[in-house]
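Only one structure is covered here, and it is reproduced in the block below.
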Amino acid sequence: MHNDFIYSNDNKRYHTWNYHLQTTFGEKVFKVALNAGFTCPNIDGTKGTGGCIYCSSSGSGDFAGDPAAPVLEQFHSVRQRMHEKWPRAKYIAYFQAHTNTYAPVHVLRQKFEPVLAQEHVVGLSIATRADALQEDVLDYLSELNQRTYLIVELGLQTVFNETGVRINRCHTYAEFLEGYEQLTRRSIRVCVHLIDGLPGETTEMMLESARRVAQLRPHCVKLHLLHVLKNTKLAEQYAQGLVPVLSLEAYVDIIIRQLEVFPPETIFQRLTGDGGRAQLIAPLWSLKKFVVLNEIDKEMVRRDTYQGAKWKN
C-alpha cells in the first residue's frame, strides 16, 4: 500500500528523528550520549530520595559515557564507537544521565561549552526535569539556542499525578506545564518523554497522556516502554508480582493509537526504549528493538493509519 505520509522518505508512517535530521542537516547526524555527573532533585533530598522507581544508578544513562571520565574524554570515546556504524556523520552532544540543568550556570558552562566547541558538533540535547529550570539557567539555555541546534528533553512520563507519586517522580503535571511554557516562550525546542506501562495505568490513561501532550504541539516526543531493571525499586515490586508488564501486541497497539493523536509535524525520536541486556529483567521481548519497530510498521500498514490520523487541535 502506498505511503502518503508527508514527513517520510521511506515506509514509515510517522515523523521519524532520522528523517528530521536528514532534512535539517542534509546528512547523517547521531547523538553522542554523555554522563556529566549530575544528580537529581528527587535523589539528593531536595524533592525526594531514591530517584524514580524504574531508574538505574546511571540515571537513565545506561548507554552514556563512563561518568568516571571527563566529559570530553567520554565524547571522543562514544563518538569513536558510533563511527564504527556510521563512518561519515556529524554529532549532537546528548547530556543524558540524570538532570542536566540541576547545577549552577557556571558548572553547566564548564560541561557544555568544551563539547559544543568540538568539530562537527551541530547541536546539544539536554535531558532534564521541568522543576530544574531556574531563571538564570533558562537565560543560558536561551543563549545556547541562539548559537546551536538545541533541544531540551523534559521527562514527563505521565500526566497523572497519582502515577507520579507511585513512581516517586516528585513533581506534578502542573510543574511540567510551567517548565514547558518557560522553554517554549523562549523558542527553545522541547522533547517530551512519556512511558507506557507505568504501574497502575490503563490503556486509556496512556492515551490520555498522549492526547494532552499532543495539544502542546511539542517539537518532538520520545515514547518509552517501561523496563524492569536490576537493582531498582521497580524490580522489587515486579518480583512481588505487583507490577505487570505489557506484551508486545499490547505495546504495538498503544503506540499506534498514540501516534494517531499527535499532529503530523511532531517528531518522534523513539518509539521504544533501550534496556541493557545485562540489566533488563522484563519484558525480554523489548531486547529485539528492530522487531518491535517492524511490528509497529506492519500493523500501521494493516490498519492503513498514520501519525495524525485522529489529531484534533
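Because the structure is a prediction, the values reported are computed rather than measured.
Shortest non-hydrogen contact noted between T232 and C55 is CG2-O, 3.5 Å. Nearest heavy-atom pair across K31 and E153 is NZ-OE2, 2.6 Å. Summarising the geometry of V137 relative to A103, their closest heavy-atom pair is CG2-O, 4.1 Å, with the distance given to 0.1 Å. Across all their heavy atoms, P199 and T163 have their closest contact at O-CG2, 4.2 Å. When every heavy atom of A235 is checked against every heavy atom of V228, the shortest pair comes out as CA-CG1, 3.7 Å. For H171 against D131, the heavy-atom pair with the smallest separation is CB-OD2, 3.5 Å.
Looking at Q182 and R186, their side chains do bring a donor and an acceptor atom within 3.5 Å of each other. Judged by distance alone, the side chains of H106 and R109 never bring a donor and an acceptor atom under 3.5 Å apart. Residues T46 and D44 bring a donor and an acceptor atom of their side chains to less than 3.5 Å of each other.
In the hydrophobic clustering, V291 connects to no other residue, as no ILVMFWY side-chain heavy atoms lie under 4.5 Å from its own. Listed by chain and number, the hydrophobic cluster partners of I92 are W17, L21, F25, V29, V122, Y149, I151, I267, where partners are ILVMFWY side chains within reach of under 4.5 Å, directly or through others.
For Q307 (side chain) and H15 (main-chain N/O), a donor-acceptor pair under 3.5 Å exists by modelled atom type. For E178 (side chain) and A174 (main-chain N/O), no donor-acceptor pair under 3.5 Å exists by modelled atom type. Side-chain atoms of Q279 never come within 3.5 Å of backbone atoms of K230 as a donor-acceptor pair (strictly under, hydrogens ignored). E27 places no side-chain N or O within donor-acceptor distance of the main-chain N or O of K90, the cut-off being under 3.5 Å. A donor-acceptor contact shorter than 3.5 Å is absent between the side chain of E260 and the backbone of A309. Between the N100 side chain and the A127 main chain, a donor and an acceptor come within less than 3.5 Å of each other. R270 places no side-chain N or O within 3.5 Å of a backbone atom of H224 that could act as its donor or acceptor partner. Judged by distance alone, the side chain of N9 and the main-chain N or O of Y19 form no donor-acceptor pair under 3.5 Å. The main-chain N or O of F5 is never found under 3.5 Å from a side-chain atom of S8 such that the two would form a donor-acceptor pair. In this structure, the side chain of N294 engages the main chain of F290 through a donor-acceptor pair within 3.5 Å.
Cation-pi geometry between R212 and F160 is satisfied (NZ or CZ under 6.0 Å from the ring centre, within 45° of the ring normal).
No side-chain heavy atom of T305 sits under 4.5 Å from any side-chain heavy atom of R13. Contact of the L156 side chain with the Y180 side chain is not registered, since no non-hydrogen atoms from C-beta on lie closer than 4.5 Å. Looking at heavy atoms from C-beta onward, K288 lies out of side-chain contact with E295 at the 4.5 angstrom threshold. Side-chain contact check for V261 versus K312: every heavy-atom pair is 4.5 Å or farther apart. Within the 4.5 Å cutoff, the side chain of I255 has no heavy atoms near those of the F268 side chain.
For T101, the side-chain hydrogen bond (donor to acceptor under 3.5 Å, both in side chains) partners two or more places apart in sequence, or in a different chain, are T128. Residues passing the side-chain hydrogen bond (donor to acceptor under 3.5 Å, both in side chains) test with T158, sequence neighbours excluded: E201. In this view, Q22 satisfies the side-chain hydrogen bond (donor to acceptor under 3.5 Å, both in side chains) rule with no residue, not counting sequence neighbours. Among residues two or more places apart in sequence or in another chain, the side-chain hydrogen bond (donor to acceptor under 3.5 Å, both in side chains) test is passed with S209 by none.
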If you apply the rule salt bridge (charged side-chain N to carboxylate O under 4.0 Å, His left out), what do you find for R302 with E299, and how did you get there? CA-CA 5 Å; R302 192 188 72 79; E299 186 62 14; 2.8 Å; yes

Check step by step if salt bridge (charged side-chain N to carboxylate O under 4.0 Å, His left out) holds for R257 and D196. CA-CA 12 Å; R257 293 168 69 184; D196 289 326; over 6 Å; no

Show your working on side chain to side chain contact (heavy atoms under 4.5 Å, CB included) between Q258 and L223 and close with a plain yes or no. CA-CA 9 Å; Q258 288 176 321; L223 298 178; 3.6 Å; yes

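Between K12 and D297 a salt bridge is recorded (basic side-chain N to carboxylate O distance below 4.0 Å). In this structure, E84 does not pair ionically with R81, as no charged nitrogen and carboxylate oxygen lie closer than 4.0 Å. Contact check on E175 versus R169 returns no salt bridge, with no Lys/Arg side-chain nitrogen under 4.0 Å from an Asp/Glu carboxylate oxygen.
When ring centroids are compared, H83 and F30 come within the 6.0 Å threshold.
With L183 as the fixed residue, the side chain to side chain contact (heavy atoms under 4.5 Å, CB included) test singles out one of L150, I188, N145: I188. Among L177, V192, T184, the one residue that satisfies the side chain to side chain contact (heavy atoms under 4.5 Å, CB included) test with L216 is L177.
Ring geometry for Y140 versus F112: interplanar angle under 30°, hence parallel rather than tilted (30 to 60°).
In this structure, the separation between NZ on K298 and CE on M300 is 14.5 Å, given to the nearest 0.5 Å.
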